[in-house]
Amino acid sequence: MSDNEGRKNLRMPDDDEVFAVVTNMLGANRVKVRCMDGTERTARIPGRMQKRIWIREDDVVLVEPWDWQDEKADVVWRYEKQDADQLREEGHITDSV
């Protein structure tokens, strides 16, 4: 048996994406997220995700900050609970931020 048993290859952030944790549901397809770069942002859930993927508080998501407004972002991906646990174990996400 190897150490990588049970480990999945997860989607990692691109150059302009960052990990975030949902802190508050704002309504109107918007959420408040705490990003791993230390910034609190208002993130928009795009239409292609609205009815297919349900996002709740404390979910780990991947967001893409806007170029022209750094305090806003778009949600790109949501991780399942076991995937988020794996990211925490590997040190990609810290709960202290």
Side-chain angles (χ1 to χ4, degrees):
M1 287 194 220
S2 68
D3 291 336
N4 288 338
E5 185 177 332
R7 184 190 184 283
K8 289 172 49 179
N9 285 332
L10 301 175
R11 185 184 191 289
M12 298 306 276
D14 293 334
D15 294 335
D16 52 350
E17 297 172 346
V18 66
F19 289 116
V21 178
V22 176
T23 58
N24 198 2
M25 303 299 290
L26 300 176
N29 301 318
R30 286 178 165 57
V31 293
K32 187 70 88 173
V33 295
R34 187 178 61 244
C35 298
M36 291 301 116
D37 60 2
T39 308
E40 185 98 7
R41 292 184 171 96
T42 301
R44 184 175 58 113
I45 302 170
R48 67 180 181 272
M49 294 177 73
Q50 284 176 8
K51 300 290 187 218
R52 294 171 185 87
I53 298 172
W54 294 98
I55 296 177
R56 295 175 293 279
E57 288 184 15
D58 296 327
D59 278 352
V60 176
V61 294
L62 205 55
V63 297
E64 182 177 353
W66 292 1
D67 293 336
W68 60 94
Q69 264 183 310
D70 194 45
E71 69 273 2
K72 295 189 178 179
D74 287 327
V75 175
V76 179
W77 189 264
R78 179 184 66 90
Y79 292 96
E80 299 290 330
K81 182 179 178 346
Q82 59 269 23
D83 297 342
D85 291 340
Q86 177 181 331
L87 288 171
R88 284 187 177 96
E89 287 173 10
E90 294 175 0
H92 297 292
I93 300 172
T94 59
D95 292 324
S96 62
V97 174

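When reading the values below, keep in mind they use all heavy atoms of this one structure, side chains included, and skip hydrogens, waters and symmetry mates.
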**Fill in**
Paired with Val33, the side chain to side chain contact (heavy atoms under 4.5 Å, CB included) test is passed by just one of Thr42, Val61, Thr39, Val18, namely Val61
**Request:** Give a yes or no on whether Val63 and Ile53 share a hydrophobic cluster (residues Ile, Leu, Val, Met, Phe, Trp, Tyr; joining criterion: side-chain heavy atoms under 4.5 Å apart).
**Result:** yes
**Request:** Check whether any side-chain heavy atom of Tyr79 sits under 4.5 Å from a side-chain heavy atom of Asp59, and report yes or no.
**Result:** no
**Item:** Residues which pass side-chain hydrogen bond (donor to acceptor under 3.5 Å, both in side chains) with Arg41, listed by chain and number, not counting sequence neighbours
**Value:** Asp37, Asp70
**Request:** Would you give the length of the straight line joining atom CG of Asn29 to atom CZ of Arg44, rounded to the nearest 0.5 angstrom?
**Result:** 9.5 Å
**Request:** Kindly work out whether a path of hydrophobic side-chain contacts (I/L/V/M/F/W/Y, heavy atoms less than 4.5 Å apart) joins Val21 to Val76.
**Result:** no
**Arg30 side-chain N/O to Ala28 backbone N/O, donor-acceptor pair under 3.5 Å** = yes
**Message:** Is there a path of hydrophobic side-chain contacts, each under 4.5 Å between heavy atoms of I/L/V/M/F/W/Y residues, joining Ile93 to Val31?
**Reply:** yes
**Message:** Measuring only between side-chain heavy atoms, which start at C-beta, is Glu64 closer than 4.5 Å to Trp77?
**Reply:** no
**Exercise: identify the closest heavy-atom pair between Pro65 and Asp16** = CD-O, 3.2 Å
**Request:** Using the test salt bridge (charged side-chain N to carboxylate O under 4.0 Å, His left out), find all partners of Glu80 that sit at least two apart in sequence or belong to another chain.
**Result:** Arg78
**Message:** Is there a path of hydrophobic side-chain contacts, each under 4.5 Å between heavy atoms, that joins Leu26 and Trp66?
**Reply:** no
**Item:** Approximate separation, where rounding is to 0.5 Å, of Asp74 CG and Glu17 CD
**Value:** 10.5 Å
**Prompt:** Measuring from Asp58:CG to Lys81:NZ, what's the distance to the nearest 0.5 Å?
**Reply:** 10.0 Å
**Request:** Not counting sequence neighbours, which residues clear ring pair (Phe, Tyr, Trp, His ring centres under 6.0 Å) with Trp54? List them please.
**Result:** none
**Request:** Quick one: pull up CE in Met36 and CG in Leu62 and give me the separation to the nearest 0.5 Å.
**Result:** 11.0 Å
